[in-house]
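First the structure, in the form of C-alpha cells, and then the observations on it.
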Amino acid sequence: MTKTQETELMEMAKRRGFIWPSFEIYGGAAGFYDFGPLGSAMKNNIIKKWRDIYVCGEGFLEIDSPTLTPHEVLKASGHVDHFTDAMVECKKCGSAFKATDLIKDKTGQDVEGLGKEKMQEVIKQDGIRCPDCAGEFGEVFDFNAMFKTAIGPGSKRVGYLRPETAQGIFIDFKRLFRHARGKLPMGVVQIGKGYRNEISPRQGMIRLREFTMAEAEVFFDPEDPKHPKFSDVAHDHLNLWLSKDQIAGNEKLTEVVAETAVDKKTICNEIMAYYLALTQRFLLGIGIPPAAIRFREQNPRQRAHYSSETWDAEILTERFGWVEVTGLAYRSDYDLVSHAKASGEDLSAFIEEKKKKVVCHVIEPSYGIDRPFYCVLEHSYTTDGKRKILKLKKDLAPVKVGVFPLLNKDGLPEKAIEVEKALKADCLAAEYDASGTVGRRYSRADEIGTPYCVTVDHQTLQDLTVTIRDRDSTKQVRVEVHELPCILKSLLRDEIPFEKAGKPI
RNA sequence: GCGGCCGUGGUCCAGCCUGGUAAGACCCGAGCUUCCCAAGCUCGUGACGCGGGUCCGAAUCCCGCCGGCCGCACCA
C-alpha cells in the first residue's frame with residue numbers, strides 16, 4: 001500500500017460511512033471516532049466472528065457489566081494506584097517526564113513504587129533539571145489514566161469509567177463458577193467499551209480514549225495448566241518475537257509450533273499457547289495475512305501490574321508499523337486474591353477431584369476491536385488498474401449483495417426492488433441501487449467490499465433469472481430468482497465455488 | 001504538554017503573501033441517454049473550525065480557543 005492508497009482508503013472510509021471523527025460539528029475531539037453505518041455493520045461482523053470463536057466454539061460464558069465502576073473495585077484491582085504514572089513537568093519549557101524513568105536515568109536509583117514524596121525528594125536533593133532546557137521541575141504528580149466521576153447526585157462516592165472489562169468478570173466470579181457448575185477450566189468473556197484518558201491521542205483509530213474491547217478470562221487450576229483441546233492447535237505455527245531479541249535490538253522472529261513452544265517453556269503453558277494459536281486463527285479469519293502477524297513477548301518493565309507473562313499479538317500495517325491488537329496476559333491469581341481480600345468474600349474454587357479449594361489462576365486474552373478494524377481495512381484495500389476493491393472477507397462485508405436494474409425503464413427497477421425485498425426478507429444485507437449506470441454501481445459496490453451484485457435485466461422478465469456478479473473476478477453467472485437467496489447464502493459461506501453457482505456468462 | 005505545519009461544499013483541494021463575499025476535480029441528486037463494469041449531455045444541492053479585534057469591507061491581517069498532521073514526550 002502506497003501513501004496515495006492510504007490517503008484514498010481514509011477518504012473512502014470517511015466518504016462512504018465507515019468511520020467519522022466524533023463531535024465533528026463542535027470541532028471534534030481527539031481520541032474518539034464514530035462508526036458510520038457501514039463501519040458499524042463491519043464492526044459488528046468482526047465482533048460476531050470473535051463471539052463465534054469464544055462463545056460458540058469454546059463455550060465461554062458471556063456477561064455484560066457496567067462500564068461505570070465504583071472506586072473500591074478499581075482500588076482493589078490496583079488500577080487506582082497503578083494505572084497511573086508519576087509525572088513531572090518542567091516549569092520552563094513544559095516538557096513532561098515519567099518521574100521514575102527520569103530519576104533512573106539521572107541517578108540510577110530505582111524509585112518504582114516509592115511514592116511521590118520520595119521522588120520529589122530525590123529530584124530536589126540530586127538537583128535534577130529538565131533534560132531538554134535545564135529548567136526547574138514542578139511538583140511530582142500522579143497522572144491516572146482513568147476517567148473519574150461521581151456516582152449519585154452530590155455524592156462523595158467516586159467512580160471511574162472502567163479501563164478494562166475484565167474487572168466485571170472477576171467481581172462475578174462466585175456466581176459464574178456456580179453457573180458453570182464448578183467446572184474448570186472456565187472461560188468467561190465480556191465485550192464492551194473501555195476508557196483510557198490518553199495524554200495525547202494520535203494515530204487516528206490506533207490510540208483512542210474510548211474503545212471496544214473483547215476480553216476473555218480463562219480460570220484454571222494452577223497445578224493443571226493443560227488445555228483439553230490443545231491437540232487441535234499443537235501444530236499451528238507461531239511467529240514469536242522474544243523478549244531477549246527485543247532487548248538485543250534484534251528484529252528476528254522465532255517460528256515455532258505451539259507444542260514445541262510449550263515443551264521448551266518459551267510459552268509458559270498449554271493454556272497460554274492455545275490462546276495464542278486461537279488469536280492467530282481469529283486474525284487470519286478476519287483477513288490478516290500470516291506474514292503480518294507476530295507475537296511479541298513483553299519484557300518485565302513493559303508488563304502491567306497484574307501480569308507475570310504477556311504476549312502481544314501484533315499486526316503489521318503500512319501506516320503505523322506493527323500495531324498491538326491483542327494482549328495475552330498471565331494474570332495469575334492477582335485479581336481474585338485482591339478482590340477476595342478487599343471484599344472479604346471467598347473467591348476460591350472447590351475442585352471436586354482434589355477435594356480442596358484453590359484460587360484459580362487466570363490467563364487473559366484481551367482483544368481490541370477498533371485496531372483490528374483499521375488493520376482489516378488497510379489489508380483489504382486494493383487498487384488494481386482503475387478498480388478500487390475492498391477485498392473484505394465475505395462475512396465482514398457490511399453489505400452482502402447489491403441489487404441493480406440493468407436499466408431504469410421497462411419495469412426493471414420494480415422487479416429489482418422485488419428481488420431486494422425478497423433477499424432482505426431472508427436476512428441478507430441487500431442494497432438496491434439504481435443511480436447512474438450499472439458499471440458505476442458495480443464500482444461503488446467494489447469500493448465498500450460488497451461480495452456479490454445481482455442484476456435484473458430484460459431476460460429476467462422473460463424467464464425469471466438474474467445475474468450474480470463476483471466482486472473479485474467480475475465474472476457472472478445466471479441463476480433463477482427463486483433460488484437466489486439460497487445460492488447467495490451458500491456463496492457467502494464458501495460452500496460452493498462461484499462458477500458452480502449458476503450458468504456462467 | 002512543547003515545537004513546526006495546517007483547518008475552505010460529501011471528498012481532495014485553489015484562493016490567503018498583495019483584504020473587495022469563493023474556483024476546480026471527484027462524489028452526490030434530478031433528468032436525457034444507456035441491454036453489464038466509474039462513458040456522455042443538461043440541470044442542481046452544497047463550504048471559508050469557533051470567538052474576538054482591525055477595517056467602509058476579512059477565507060485573506062492580528063489575538064485567543066478548539067481540532068488535525070509530523071517530531072519530542074507519554075502509551076500501565
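Lettering follows sequence order; numbering is per chain, from 1.
When A:F373, A:F211, A:Y374, A:F18 are each tested for a ring pair (Phe, Tyr, Trp, His ring centres under 6.0 Å) with A:F35, only one passes: A:F373. When each of A:R15, A:R387, A:K388 is paired with A:E447, the salt bridge (Lys or Arg N to Asp or Glu O under 4.0 Å) condition holds for A:R15 and for no other.
For the pair A:F23 CZ and B:rC66 P, the interatomic distance rounds to 16 Å; values are reported in whole Å. Rounded to an integer number of Å, the gap from A:Y452 OH to B:rC37 C1' is 17 Å. If you measure from atom CD1 of A:I206 to atom C1' of B:rC74, you get 17 Å, rounded to the nearest angstrom. A:D433 places its CG atom 12 Å from the C1' atom of B:rC28, with the value rounded to the nearest Å. In this structure, A:K14 places its NZ atom 17 Å from C1' of B:rC28, rounding to the nearest Å. If you measure from atom CD of A:Q5 to atom P of B:rC12, you get 17 Å, rounded to the nearest angstrom. Protein atom CH2 of A:W20 is 19 Å distant from nucleotide atom C1' of B:rG67, rounded to whole Å. Taking atom CE of A:M10 as the reference point, atom P of B:rC27 lies 21 Å away to the nearest angstrom.
Aromatic ring orientation, A:F173 versus A:F219: tilted (interplanar angle from 30° to 60°).
Side-chain nitrogen and oxygen atoms of A:R440 include at least one within less than 4.0 Å of the OP1 or OP2 phosphate oxygen of B:rC28.
Separation of the P atoms belonging to B:rG49 and B:rC12 is 14 Å when rounded to the nearest angstrom. Here the separation of B:rC62 from B:rC55, taken at their P atoms, is 16 Å to the nearest Å. Comparing the same atom, P, in B:rC70 and in B:rC63 gives a spacing of 26 Å after rounding to whole Å. Taking atom P in both B:rC16 and B:rG10, one finds a spacing of 23 Å when rounded to whole Å. Straight-line distance between the P atoms of B:rG4 and B:rU21: roughly 34 Å, to the nearest whole Å. For the P atoms, the distance linking B:rU60 with B:rC48 amounts to 12 Å, nearest Å. Atom P of B:rU33 sits at a distance of 16 Å from the matching atom of B:rU42, rounded to the whole Å. Rounded to whole Å, the separation between the C1' atoms of B:rG64 and B:rA25 comes to 36 Å.
Along RNA chain B, the nucleotide nearest to A:E11 and the one nearest to A:Y33 differ in position, and the one closer to the 5' end is contacted by A:E11. Map A:G28 and A:R387 each onto its nearest nucleotide of RNA chain B; the residue landing nearer the 5' end is A:R387.
Closest to the side chain of A:S435, out of B:rG29, B:rC28, B:rC12, is B:rG29. The nucleotide whose nearest atom lies closest to any side-chain atom of A:R15 is, among B:rA38, B:rC27, B:rC74, B:rC27.
Between A:F404 and A:Y442, the ring center distance clears the sub-6.0 Å criterion. Aromatic pair A:W50/A:Y367: centroids less than 6.0 angstrom apart.
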Given A:F32 and A:E210, is the side-chain contact (heavy atoms from CB on, under 4.5 Å) satisfied, shown in steps?
CA-CA 6 Å; A:F32 300 95; A:E210 168 173 336; 3.9 Å; yes
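A:R162 and A:Q167 share no donor-acceptor pair across their side chains, judged by distance under 3.5 Å alone.
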With sugar-phosphate taken as primed atoms, P, OP1 and OP2 and all else as base, the protein-contact string of nucleotides 31-36 of chain B at under 4.0 Å (heavy atoms; B, S, -) is ---BBB
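A salt bridge between A:K503 and A:E480 is absent, with no side-chain N of the basic residue lying under 4.0 Å from a carboxylate O of the acidic one. The existence of a salt bridge linking A:E164 and A:R331 is confirmed by a sub-4.0 Å separation between a basic side-chain nitrogen and an acidic carboxylate oxygen.
Counting any heavy atom pair closer than 4.0 Å across all strands shown, A:R441 reaches no nucleic acid atom.
Judged by the 6.0 Å and 45° rule, A:R296 forms no cation-pi pair with A:W311.
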Read 5' to 3' with Watson-Crick or G-U pairs under 3.5 Å, [ ] for crossing pairs and | for partners on another strand, RNA chain B gives (((((((..(((.......[...))).(((((.......)))))....(((((..]....))))))))))))....
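Side chains of A:V479 and A:I468 form a contact here, defined as non-hydrogen atoms less than 4.5 Å apart.
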